Protein chains: 2
Amino acid sequence: MNICLNMFNDELNNLINMKNTLHPFVLIVDDEEDICEIIKFNLESEGFKVDTAYSAEEALRKQLTKYHLFIFDIMMKGMSGYRLADEVRNKKKLKTPVVFLTAKNTENDKLTGFSLGADDYITKPFSVRELIARVKAIMRRPGHQDTEEPVRLKIAGLELDQEKKRLFIEGDKIDLTPHEFYIMMLFLNHTGKVFTREEILNYAWKDNINVLDRTVDVHITRLRKKLRNYGKYIISRSGHGYCFEIE
Amino acid sequence: MNICLNMFNDELNNLINMKNTLHPFVLIVDDEEDICEIIKFNLESEGFKVDTAYSAEEALRKQLTKYHLFIFDIMMKGMSGYRLADEVRNKKKLKTPVVFLTAKNTENDKLTGFSLGADDYITKPFSVRELIARVKAIMRRPGHQDTEEPVRLKIAGLELDQEKKRLFIEGDKIDLTPHEFYIMMLFLNHTGKVFTREEILNYAWKDNINVLDRTVDVHITRLRKKLRNYGKYIISRSGHGYCFEIE
DNA sequence: TATAATTGTAACACAATTGTAATAAAGATG
DNA sequence: CATCTTTATTACAATTGTGTTACAATTATA
């Protein structure tokens, strides 16, 4: 009955996620160097490549096209994160997603952030885990996914259509909920591999901060039902976790 | 004379044979010397080899490649633990795992309002037991325990699949319980080497504080059964412990 | 807003695993 | 060989892990 947070469980998750994304390159811009370091370390532990700048001006001197995601602090000495985002979006014509980071959390600020095309908006205090979960969620969105990933995963009579977000069993359409879908994606991409509940949560949940690991069990039960006679191939390995394996 | 020789041999063994050490070498960096000593004492009594540094700068003057795990205090005079981690990871290109220590009621301005995921770090005051359990969990993880551990361990007709958490005997699937699995991992990674019951407990149990060493015997018996005709290769060396050796 | 879909949790029953103690067997020692 | 120590095996109890359901909470949708 553990809440599923463990600092050491991310290594595997890393491998899993990084298979589905190209090596994501993140630029963090914050004038508080320690904050940069903390985020940098944590994202790197998750397999991201990270660059930092301690001011908007410094950021603008970089070759910005090479990044896949920006994390901007709003309140910075000199040019603010808002203006930096504006520069990047409008003058440099980049569509790179931006996550804003700030202590301010009024509605006005949020609206300003989104009008600039922020992809997410994280207010301090925030947990490192939350940030990482959100960044991963963004990277998982269409357009940031690994292009060489097959759209359809076929195994025996099962077919997971990643565009339709749907499962076909012997041709029958089976709608999956988001979590169910990602769990299946994890399983079908690595059949036979045993995943701990933590790994499953890390992969299939955008934000697993407040979710018990036993929740996974319930989703497994629901999935098994939906999978009909394939349900039995979701195998539980007591003490290890779950895996999907035919035969 | 003897002491010197032993130290030298030990040191040499560490540098040359990092991969197969059962006595992981840990570097603790904390500007509070007392904390260093406490952790050091406890880890040493668990069979770890421990070195300490009282500042990040001092740590960086060491030969860092020889350690298997770092424990960094975040808040230190001079360079912070995060900076140190960054140096180690990026400049020195080391993948050595890092455990951060942080005081619960830190008043550092730069981090105010920034909540570290409580479970991402070990917070002071922390239980030594917890620290040790986590450190051991790390050391056991594929990719961290040894530099590059193969996913599959093959010996004769045996194959231990670390993703599937399963043993194959001449191709036959044999499911292993968590403890059985880790014991096999220990044996197959060091065939021929004799392990005391204590060493086996230390490796295969996350928390062996309340476990009798006789328990190992029972697990050995169970393993032997599962190993079928390979069971006889788990050899008991009276007064020493157990080892796995084919012929 | 009302309605449906999805999700998370608690509770319980059941299953697997683990730890211990008792006893038998094997090994070490003199 | 006799004695003591260590190991093997078994059975059982304790603990831990899993499956399932119902229900409340949340979120999406009409």
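Just so it is clear: chains get the letters A, B, ... in the order the sequence lines come, proteins before strands, and each one is counted from 1. Note that these values count all heavy atoms, side chains included, but never hydrogens, waters or copies made by symmetry. Remember, it's a predicted structure, so these values are computed and weren't measured experimentally.
For dT10(D), one of the phosphate oxygens OP1 or OP2 lies less than 4.0 angstrom from a side-chain nitrogen or oxygen of Lys225(B). Taking only side-chain nitrogens and oxygens, Tyr242(B) comes nearer than 4.0 Å to OP1 or OP2 of dA8(D). OP1 or OP2 of dA8(D) has at least one side-chain nitrogen or oxygen of Ser236(B) nearer than 4.0 Å. Regarding contacts with the backbone of dG8(C), a side-chain N or O of Trp205(A) is found under 4.0 angstrom from either OP1 or OP2.
For the residue pair Tyr203(B) / Glu198(B), no side-chain donor-acceptor distance below 3.5 Å is found, with atom types taken as modelled.
The distance from atom CZ of Arg224(B) to atom P of dT9(D) is 6 Å, rounded to the nearest whole Å. The distance between atom CD1 of Ile235(A) and atom P of dT18(D), rounded to the nearest whole Å, is 14 Å. Rounded to whole Å, the distance from NZ on Lys165(B) to C1' on dA16(C) is 18 Å. The interatomic distance linking Lys232(B) (NZ) with dT9(D) (P) rounds to 14 Å, in whole Å. Rounded to whole Å, atom C1' of dT18(C) lies 15 Å from atom NZ of Lys206(B). Note: CD1 (Ile183(B)) to C1' (dT18(C)) measures 11 Å, nearest angstrom. Taking atom CZ of residue Arg197(A) and atom C1' of nucleotide dG19(D), one finds them 10 Å apart after rounding to whole Å. Atoms CD (Glu180(A)) and C1' (dT27(D)) sit 15 Å apart, rounded to a whole Å.
A donor-acceptor pair is defined here as one N or O able to donate and one able to accept, closer than 3.5 Å; no such pair exists between the side chain of Asp172(B) and the backbone of Phe168(B). Looking at Arg197(B), its side chain never comes within 3.5 Å of a backbone N or O of Gly241(B) through a donor-acceptor pair. Listed for the Ser45(B) side chain is a donor-acceptor partner under 3.5 Å among the backbone atoms of Asn42(B).
Between Leu158(A) and Phe244(A), the shortest heavy-atom contact is CD1-CZ, 3.5 Å. Across Cys243(B) and Val194(B), no two heavy atoms sit closer than the pair CB-CA, 3.7 Å.
Within residues 172-179 of chain B, the residues approached by DNA chain C to less than 4.0 Å at the level of any non-hydrogen atom are Thr177(B), Pro178(B), His179(B), in residue-number order. Sorted by residue number, the members of residues 213-223 of chain B with any non-hydrogen atom under 4.0 Å from DNA chain C read Thr215(B), Val218(B), His219(B), Arg222(B).
Listed by first then second residue, pairs satisfying salt bridge (charged side-chain N to carboxylate O under 4.0 Å, His left out) with a partner in residues 174-189 of chain B read Arg237(A)-Asp175(B), Arg166(B)-Asp175(B), Glu180(B)-Lys226(B), not counting sequence neighbours.
When the nucleotides dA16(C), dA21(C), dT9(C) are ranked by their closest atom to the side chain of Leu212(A), dT9(C) comes out on top.
Contacts of Lys164(A) classified as side chain to side chain donor-acceptor pair (under 3.5 Å), with partners at least two apart in sequence or in another chain: none. For Phe187(A), the ring pair (Phe, Tyr, Trp, His ring centres under 6.0 Å) test picks out no residue, with sequence neighbours left out.
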Practice problem: Test Glu170(A) against Tyr230(A) for side chain to side chain contact (heavy atoms under 4.5 Å, CB included), laying out the working first. | Solution: CA-CA 11 Å; Glu170(A) 258 104 54; Tyr230(A) 288 88; 2.6 Å; yes

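For the helix from dT1(C)-dA30(D) to dG30(C)-dC1(D), the axis fitted to the five pairs at one end and the axis fitted to the five pairs at the other end meet at an angle of 40° (nearest 10 degrees).
Between Tyr67(A) and Phe25(A), the distance from one ring center to the other falls under 6.0 angstrom.
The closest side-chain heavy-atom distance from Leu160(A) to Lys154(A) is not below 4.5 Å.
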